[in-house]
Protein chains: 2
Amino acid sequence: MITRETDYAIRAMLYLAHHAGDGAISAATVAEAMDIPYRFLRRILSRLVGTNLLVSTRGKQGGLRLARDPEEVSLLDVVEAMDPEVITLNSCVLKSALCARSAYCAVHDELCRIQIYVNAELGAISLAKLVEHESGRNDDLPHTI
Amino acid sequence: MITRETDYAIRAMLYLAHHAGDGAISAATVAEAMDIPYRFLRRILSRLVGTNLLVSTRGKQGGLRLARDPEEVSLLDVVEAMDPEVITLNSCVLKSALCARSAYCAVHDELCRIQIYVNAELGAISLAKLVEHESGRNDDLPHTI
DNA sequence: ACTATATGATACTATACCCGTGTCATATAC
DNA sequence: GTATATGACACGGGTATAGTATCATATAGT
Ligand code: FES
Ligand code: FES
């Protein structure tokens, strides 16, 4: 399950992708626009800077901007930047050493197969694609599975 | 992420599927065979009985057995029996009301799409398939079920 | 009937994680 | 110099996880 922290990170990245080219944007602006607690967002942005997804400028007129083009940043990049374990189906899928059974467990192969698909899908969704889709969304679709 | 509890539930179901037709099997036997803490397993089995995946018999010669044929029980059945939220990508995917943004969030559609795929895959993996897969690979391994 | 064996139903605990908040330091534009 | 911005940590309440402990109840075999 994606945590609130990772969800906020995605929102923030989306906002900055939407305003790519507008120069540096402050954390306060992002927090206000995307309904994210300011202090919490500060720590999240700090991590995104640390993982080279964002670049920051301090002082007046400072703020955050994307380190790469929106086309070159995927959802997987953001999720992994925040927490490499957050979206894994089972802990042994990430580190098979965690479970002595992983060498012969029949479930393991299946979970790994699904995990690879999920990661590939998340890796194929760029911020640019998401920003583009924001305008032309189909509201007739159900928003729950 | 699948919890330890759900992982144990799957193991237990696999063991019982492998021994389907052998009559009732005690929790102690399953715990020993599948490396699961006995007390913890007791509570898990209790839940699997409550969700009609297992049937139990009390007293001497009692124990657990599958309520349905191994072909008719999927990994999704077991996972959902233990915790309906455990394998969801994001909370808003399960309950869109949890997030005010779900009505217009571009990420939401993508996550729902992936979630539907994952659920379908888990729903397509039966205990029978897993047992068959495992016995084909591990006939002479020490911890085979 | 008695007993050993099995599940049923709770209550309890200890640790870790999640979701924030608070404080202070530091860099920069004007 | 000051207002504005990020950087680096420390702290805390609430909840979930992973077990444990206890007692009640049902049944097979003697
Ligand atoms: S060891 Fe990974 S799922 Fe069984
Ligand atoms: S509201 Fe569900 S992912 Fe954004």
Side-chain angles (χ1 to χ4, degrees), chain A residues 1-12 16 23-32 34-65 67 79 82-88 90-92 98-99, chain B residues 1-12 16 22-32 34-67 79 82-88 90-92 98-99:
Chain A
M1 175 97 77
I2 282 177
T3 62
R4 207 108 186 91
E5 195 174 20
T6 300
D7 190 272
Y8 287 157
I10 295 171
R11 285 193 211 180
L16 293 170
I25 294 176
S26 74
T29 303
V30 178
E32 166 97 18
M34 304 306 271
D35 268 323
I36 307 172
Y38 172 71
R39 295 275 176 208
F40 199 15
L41 178 62
R42 288 291 311 283
R43 203 174 56 193
I44 293 167
L45 294 174
S46 210
R47 186 176 185 94
L48 293 173
V49 170
T51 52
N52 298 313
L53 289 182
L54 295 178
V55 288
S56 63
T57 326
R58 286 162 108 161
K60 237 174 182 173
Q61 309 296 335
L64 293 310
R65 79 193 73 188
V79 169
M82 295 310 297
D83 183 357
E85 293 199 13
V86 85
I87 208 86
T88 45
N90 201 356
S91 54
C92 56
L98 284 180
C99 182
Chain B
M1 174 95 77
I2 283 177
T3 62
R4 208 108 185 91
E5 196 174 18
T6 300
D7 190 272
Y8 288 159
I10 294 172
R11 285 193 209 178
L16 293 170
D22 295 8
I25 294 174
S26 73
T29 303
V30 178
E32 164 98 19
M34 303 306 272
D35 268 325
I36 308 171
Y38 172 71
R39 299 272 177 208
F40 199 14
L41 177 62
R42 288 290 311 282
R43 203 175 57 192
I44 292 166
L45 293 174
S46 210
R47 185 174 186 96
L48 292 173
V49 170
T51 52
N52 298 314
L53 289 182
L54 295 178
V55 288
S56 63
T57 325
R58 285 163 106 159
K60 239 173 181 170
Q61 309 296 335
L64 293 309
R65 79 192 75 184
L66 293 185
V79 169
M82 295 310 296
D83 182 355
E85 294 200 11
V86 84
I87 208 87
T88 44
N90 201 355
S91 55
C92 55
L98 284 179
C99 182

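Computed from heavy atoms alone, side chains included, the values below leave out hydrogens, waters and symmetry copies. Source: prediction; values computed, not measured.
- Per the geometry, CD1 belonging to B:Ile44 stands 14 Å off P belonging to C:dG8, to the nearest Å.
- What separates CD of B:Gln61 from C1' of D:dT30 is a distance of 13 Å, to the nearest Å.
- Here the P atom of nucleotide C:dA6 and the CG atom of B:Leu41 are 14 Å apart, to the nearest Å.
- Here A:Ala28 lies out of heavy-atom contact (under 4.0 Å) with every strand.
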List every contact pair, protein side and nucleotides 13-17 of chain D side both N or O, where the distance is under 3.5 Å.
none

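- In this entry the distance linking CE of A:Met1 with C1' of C:dC18 reads 12 Å, nearest Å.
- For the OP1/OP2 pair of D:dG19 and a distance below 4.0 Å, the side-chain nitrogens and oxygens of B:Tyr8 include at least one atom meeting the criterion.
- When the C1' atom of C:dT5 is taken as reference, atom CD of B:Glu32 falls 17 Å away, rounded to whole Å.
- For B:Glu85, the side chain to side chain donor-acceptor pair (under 3.5 Å) partners are B:Lys95, not counting sequence neighbours.
- For B:Thr29, the side chain to side chain donor-acceptor pair (under 3.5 Å) partners are B:Ser26, not counting sequence neighbours.
- Atoms CG and OH, on A:Asp35 and A:Tyr8 in that order, are 8.0 Å from each other to the nearest 0.5 Å.
- Residues meeting the side chain to side chain donor-acceptor pair (under 3.5 Å) test with B:Ser91, sequence neighbours left out: none.
- By the side chain to side chain donor-acceptor pair (under 3.5 Å) test, A:Thr3 pairs with A:Thr6, sequence neighbours left out.
- The CD1-P distance, from A:Ile25 to D:dT6, rounds to 11 Å in whole Å.
- Side-chain atoms of A:Arg11 come within 3.5 Å of backbone atoms of A:Met34 as a donor-acceptor pair (strictly under, hydrogens ignored).
- Nucleotide C:dC17 holds its C1' atom 12 Å from the CD atom of A:Glu85, rounded to whole Å.
- Along DNA chain C, the nucleotide nearest to A:Pro37 and the one nearest to A:Gly62 differ in position, and the one closer to the 5' end is contacted by A:Pro37.
- Atoms CD1 and CD1, from B:Ile87 and B:Ile2 in turn, are 4.0 Å apart once rounded to the nearest 0.5 Å.
- Nearest heavy atom pair, residue A:Gln61 against residue A:Ala24, reads O-CB, 3.9 Å.
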Letter per nucleotide, 5' to 3', of nucleotides 7-12 of chain D [B base touched, S only sugar-phosphate touched, - untouched; heavy atoms, 4.0 Å]: B--B--
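- B:Leu64 and B:Ser56 get closest at one heavy-atom pair: CD1-CB, 3.6 Å.
- In this structure, of C:dT7, D:dT6, C:dA4, it is D:dT6 that holds the atom nearest to the side chain of A:Tyr38.
- Rounded to an integer number of Å, the gap from B:Met82 CE to D:dA18 C1' is 12 Å.
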